[in-house]
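First comes the structure, then the notes that go with it.
Proteins get letters first, then strands, A, B, ... in listed order; numbering begins at 1 in each.
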Amino acid sequence: MILEELNKAQKEAVTLGASHALVLAGAGSGKTKVLASRLSWLLDTNQTAISSILAVTFTNKAAREMISRVLKMVNIDIRGLWIGTFHGLCHRMLRIHSNEINLSKNFQIIDISDQISLIKQIIKGNNINDLKYQPKDFQRFINSQKENGVRFIDVDINRNHNRYLLDFYKLYEDYCFTHDLVDFSELLLRCYELLKNNDDIRRHYNDKFAHILIDEFQDTNKLQYKWINLIAGKQTSVFAVGDDDQSIYAFRGADIDNMSSFEKTYAKGSVIRLEQNYRSFGNILGAANSLIKYNKGRLGKTLWTEQGKGDPIRVVESSSDIAEAYWLVEEIRGLIRKGVSASDIAVLYRSNMQSRVIEHALFSSNIPYTVYGGLRFFERQEVKHALAYLRLILNPNDDNAWLRVVNFPPRGIGIRTIENHLEIAKSNNLSLMDSAKHVSGRGGVNISLFASLIDDLIINSNKLTLPELIEYTIDRSGLSLYYKSDKDLYDRLENLKELITAATVFSIEEKYDSTPACSFSVNAQVEEEIITTPLIAFLSNASLEASENISVNNNSSVQLMTVHASKGLEFRIVFITGAEEGLFPHENSISEDSGLEEERRLMYVAITRAEERLYISMANSRMLRGQVRYPSRSRFLNEIDANHIQWSKSGGVYDNYPSRSFKDGPNISYNKSSKNTLINIDCNVSSNKGLIVNDKLFLVGQSVNHGRFGEGVIVRLIGSGNSTQAQVNFQKHGMKTLALSVAKLDIKE
DNA sequence: GGTCATTGTTATGGT
DNA sequence: AACAATGACC
């Protein structure tokens, strides 16, 4: 355990006594280090037993990171440590105490897409046909109520006049209760109610946990805050770490007020600020600081660094989204040529759809890349199908799972048959499984056959190991045959095999029965034991860790992700793309101040991911929903202090649709017949090829030094032979056009 | 009554 | 561009 490695503020936080504390930890200030050190210090100094610590992280990945850091600092058996996300921890408690809470032991967790399909099913089943509301609207309403701890009966009718959404909430709640389905916010709400209504259980946890450590506190919602209030006993100290400037999950109920509220009611006087940044160079921090100053009501902190200023931030304007992507390719190529590892480069974007164009450019240029959070393994349709069969094994009455796979692969059960069946089930108040034998006609026979298929799976589930059962299910259901039948579907079959592998790994790791929760507590009144089966554990894990990227991570690939997904990560070189009004800030957010401030925090998060070099790029035209738009530059670019920025324009000759030509750029002619190819333009611009003059190779985008004008970046290379010129954007002297044969231009680095 | 092909629609972020 | 809804054909 090495305290010497910590700075003064960090050390103070790590070695705080047993009191509540709020650590305001700026980006790159060693937040994770402080949390892991705090945990290790508590253990190392024998102040606390491992089973008396509760650590809450934002993602499962962060939990693993924390564990590995702790293990490096103290040599200790970490079984018995309660660590995980709010959802994971609540889930564990619900499994432990399923007897106390009117919930079947086989209860299933549904993720957002399951939730949407369930909502659609309820809409159909109840003949709700008001077009004013879409499934997403219901989903949003329900989740936001739950995230505030509000059940249907708790809704204040007088305050909430939207009877329509409210009635639906009731229908949804009833359905979930009777079918043992638990959505994400329900995990928290149920656990909250468990603690609230059971004095014994609450007291048990109050006494058990001496220390609660919470990471990313700025992204907790109201219900999570209330949950912490309940689980923390009189002797418990709550150590919360967060950064109000990095709160970017308001859409999911995160309440930034939790921080100031916590400061006032818990951490009176014990607020520690971590402001020294170890991640980024001065220009990057300066940009971040100057931007975030535009937000109001901040708790306040200013990052500083002992490192130098570093490179200015390169802001690059391209003619189109496609031009942006190809500029990106060239820039990344240049970096890799200089010896930068591809995995040190991150490309960030505001919304997932932006990745398409970028991926296309990278792919056709043979630059390896990994997309994070794009295609999640457990959200692939073939995996979802297989999971639906597995869910029916546990709970044959799961109508939603039933409907998903009753005719997949196709087995002669059409819409009319299903409508019939739904009608029969409804009028007899039975599940689809229980009424399967009562459907008439040819379709009815097929329904009965499907029901016996499920029966067969259930019987075999008692005989087979988890991986065997999954393999059996995939074969017996016909999924395997279906995906084998077509070459185009081969990938999907591979994913199903991957699912079996995942189950094998899962079984070996025995996550389900070696979790710390299995240890018995000293307090005999409440036994912390999870009674569960591998299948239940596997399905829960699939829902809760849906974001896990099962595909092999290529270590030498460029990292592509949304800004949200980049939170907590850092990269030597970061590209922020699409810095345009309507996209970043997103148009759905600009009508309200709070929305705009969150977008600004999002940009702040994006900027502070960069260690050495930051690019921010924008396009003057962008294809959106099949139409070309001409956005203006993001207001955030104007808010960043100009002295940290170096502006330039990309070559911009890749195009496949018209774009406004930029002010002093070439006139671009485009060719509609060719897609994404370099278009010959009648203009003396050689954009990416580079020019060799006096044995020096000049490239667009290159940093250069000039005896009189100082530092700048080459924006254009003009001409060939003896009359070659470079248009250079100088940091201090602006745009100059220089003859390369005469001007004393030195290439930096 | 079931399946396949076409048309129409619509789009932040994700434990 | 991805997905749901609709219509033509088996």
Side-chain angles (χ1 to χ4, degrees), chain A residues 56-63 84-91 109-113 115-117 120 124 131 134-136 139-140 143 146-147 183-188 215-216 219-221 223-224 247-254 348-357 359-360 372-376 378-379 381 407-420 439-446 540-548 561-568 578 582-590 595 598-599 601-603 605-606 622-627 629:
Chain A
V56 192
T57 57
F58 191 66
T59 60
N60 291 297
K61 197 177 154 208
T85 62
F86 279 103
H87 296 86
L89 293 164
C90 287
H91 170 240
I109 302 171
I110 56 172
D111 65 21
I112 21 157
S113 63
Q115 194 183 29
I116 278 287
S117 68
K120 283 180 187 165
K124 269 197 181 157
L131 296 172
Q134 296 187 325
K136 268 197 159 178
Q139 184 184 40
R140 205 168 267 247
N143 289 341
K146 290 192 184 183
E147 278 150 8
D183 61 39
F184 280 161
S185 26
E186 184 76 15
L187 281 171
L188 294 159
D215 193 10
E216 307 281 11
D219 284 319
T220 52
N221 62 37
L223 183 57
Q224 289 164 338
S247 171
I248 54 172
Y249 281 95
F251 71 93
R252 220 168 61 187
L348 310 184
Y349 34 83
R350 174 65 180 81
S351 63
N352 276 311
M353 61 168 194
Q354 286 169 255
S355 77
R356 234 194 61 250
V357 178
E359 279 185 72
H360 181 85
Y372 274 82
L375 261 179
R376 288 151 197 232
F378 284 109
E379 296 205 327
Q381 61 150 309
N407 196 38
F408 195 93
R411 47 174 76 86
I413 299 164
I415 296 168
R416 285 307 298 270
T417 309
I418 290 170
E419 276 173 358
N420 255 339
V439 189
S440 57
R442 204 172 68 219
V445 175
N446 291 333
S540 302
N541 186 63
S543 299
L544 284 171
E545 293 195 33
S547 57
E548 288 302 302
M561 66 192 82
T562 63
V563 179
H564 280 94
S566 77
K567 197 175 81 159
L583 193 60
F584 200 175
H586 196 275
E587 57 190 346
N588 294 357
S589 319
I590 48 186
E598 175 140 322
E599 294 288 309
R601 291 193 292 271
L602 202 49
M603 182 58 93
V605 168
R622 185 175 292 277
M623 182 76 88
L624 221 67
R625 297 179 211 172
Q627 281 195 319
R629 289 204 191 180

Handout entry: Atom-to-atom span, CZ of Phe408(A) to C1' of dC3(C) - whole angstrom
Key = 15 Å
Handout entry: Interatomic distance, Phe86(A) CZ vs dG14(B) C1' [rounded to whole Å]
Key = 16 Å
Exercise for the section: Could you state the atom-to-atom distance from CE of Met561(A) to C1' of dG14(B) in whole Å? Expected result: 15 Å
Problem - Distance, rounded to the nearest Å, where Gln134(A) contributes CD and dA4(C) contributes P - result: 13 Å
Practice task
Determine whether the aromatic ring centres of His564(A) and Phe251(A) lie less than 6.0 Å apart.
Solution key: yes
Handout entry: Distance-only donor-acceptor check, side chains His91(A) and Ser540(A), under 3.5 Å
Key = yes
Problem - Beyond-backbone contact of Glu216(A) with Tyr249(A), side-chain heavy atoms, under 4.5 angstrom - result: no
Practice task
Establish, with yes or no, whether the OP1 or OP2 oxygen of dT15(B) is under 4.0 angstrom from a side-chain nitrogen or oxygen of Asn143(A).
Solution key: no
Exercise for the section: Among dG2(B), dG13(B), dT3(B), find the nucleotide with the atom closest to the side chain of Arg416(A). Expected result: dG2(B)
Problem - Per Thr562(A) side chain, nearest of listed nucleotides dG14(B), dG1(B), dA1(C) - result: dG14(B)
Practice task
Classify the nucleic acid contact of Lys567(A) as base, sugar-phosphate or nothing, counting any heavy atom under 4.0 Å across all strands shown.
Solution key: nothing
Practice task
Output the single nucleotide from dT15(B), dT12(B), dA11(B) whose closest atom is nearest the side chain of Arg350(A).
Solution key: dT12(B)
Exercise for the section: State whether Glu186(A) and Lys146(A) are salt-bridged, where the test is any N-O pair (Lys NZ or Arg NE/NH1/NH2 against Asp/Glu carboxylate O) under 4.0 Å. Expected result: yes
Practice task
Could you say whether Arg411(A) or His564(A) is positioned toward the 5' end of DNA chain B, judged by the nucleotide with the nearest heavy atom to each?
Solution key: Arg411(A)
Problem - Atom-pair distance (CD on Glu587(A); P on dA11(B)), nearest Å - result: 10 Å
Problem - Under 3.5 Å donor-acceptor pair, Arg140(A) side-chain atoms to dG13(B) base atoms - result: yes
Problem - N/O (side chain, Asn352(A)) to phosphate O (OP1/OP2, dG13(B)) under 4.0 Å - result: yes
Exercise for the section: Indicate yes or no: at least one non-hydrogen side-chain atom of Asp111(A) is less than 4.5 angstrom from one of Glu379(A). Expected result: yes
Exercise for the section: Please tell me which of the listed nucleotides, dA11(B), dG1(B), dG14(B), lies nearest to the side chain of Thr417(A)? Expected result: dG1(B)
Exercise for the section: Answer yes when Arg356(A) and Glu359(A) have at least one side-chain N-carboxylate O distance shorter than 4.0 Å, and no when they do not. Expected result: no
Problem - Earlier contact from the 5' end, DNA chain B, for Asn420(A) and His586(A) - result: Asn420(A)
Problem - Closest to side chain of Phe251(A), choosing from dT15(B), dG14(B), dA11(B) - result: dG14(B)
Exercise for the section: Starting at atom CD of Glu379(A), determine the distance to atom C1' of dG14(B), rounded to an integer number of angstrom. Expected result: 9 Å
Exercise for the section: When you get a sec, tell me which of dT3(B), dG13(B), dT15(B) is the closest nucleotide to the side chain of Arg252(A)? Expected result: dT15(B)
Problem - Interatomic distance, Asp215(A) CG vs dT15(B) C1' [rounded to whole Å] - result: 14 Å
Completion exercise
Closest to the 5' end of DNA chain C, once Arg356(A) and Ile415(A) are matched to their nearest nucleotides, is Arg356(A)
Problem - Residue-phosphate contact under 4.0 Å: Lys61(A) side-chain N/O, dT15(B) OP1/OP2 - result: no
Practice task
Give the rounded distance in Å between these two atoms: NZ of Lys136(A) and P of dT10(B).
Solution key: 13 Å
Exercise for the section: Determine the contact category for Asp219(A): base if any of its heavy atoms lies under 4.0 Å from a base atom, sugar-phosphate if only primed atoms, P, OP1 or OP2 are that close, otherwise nothing. Expected result: nothing
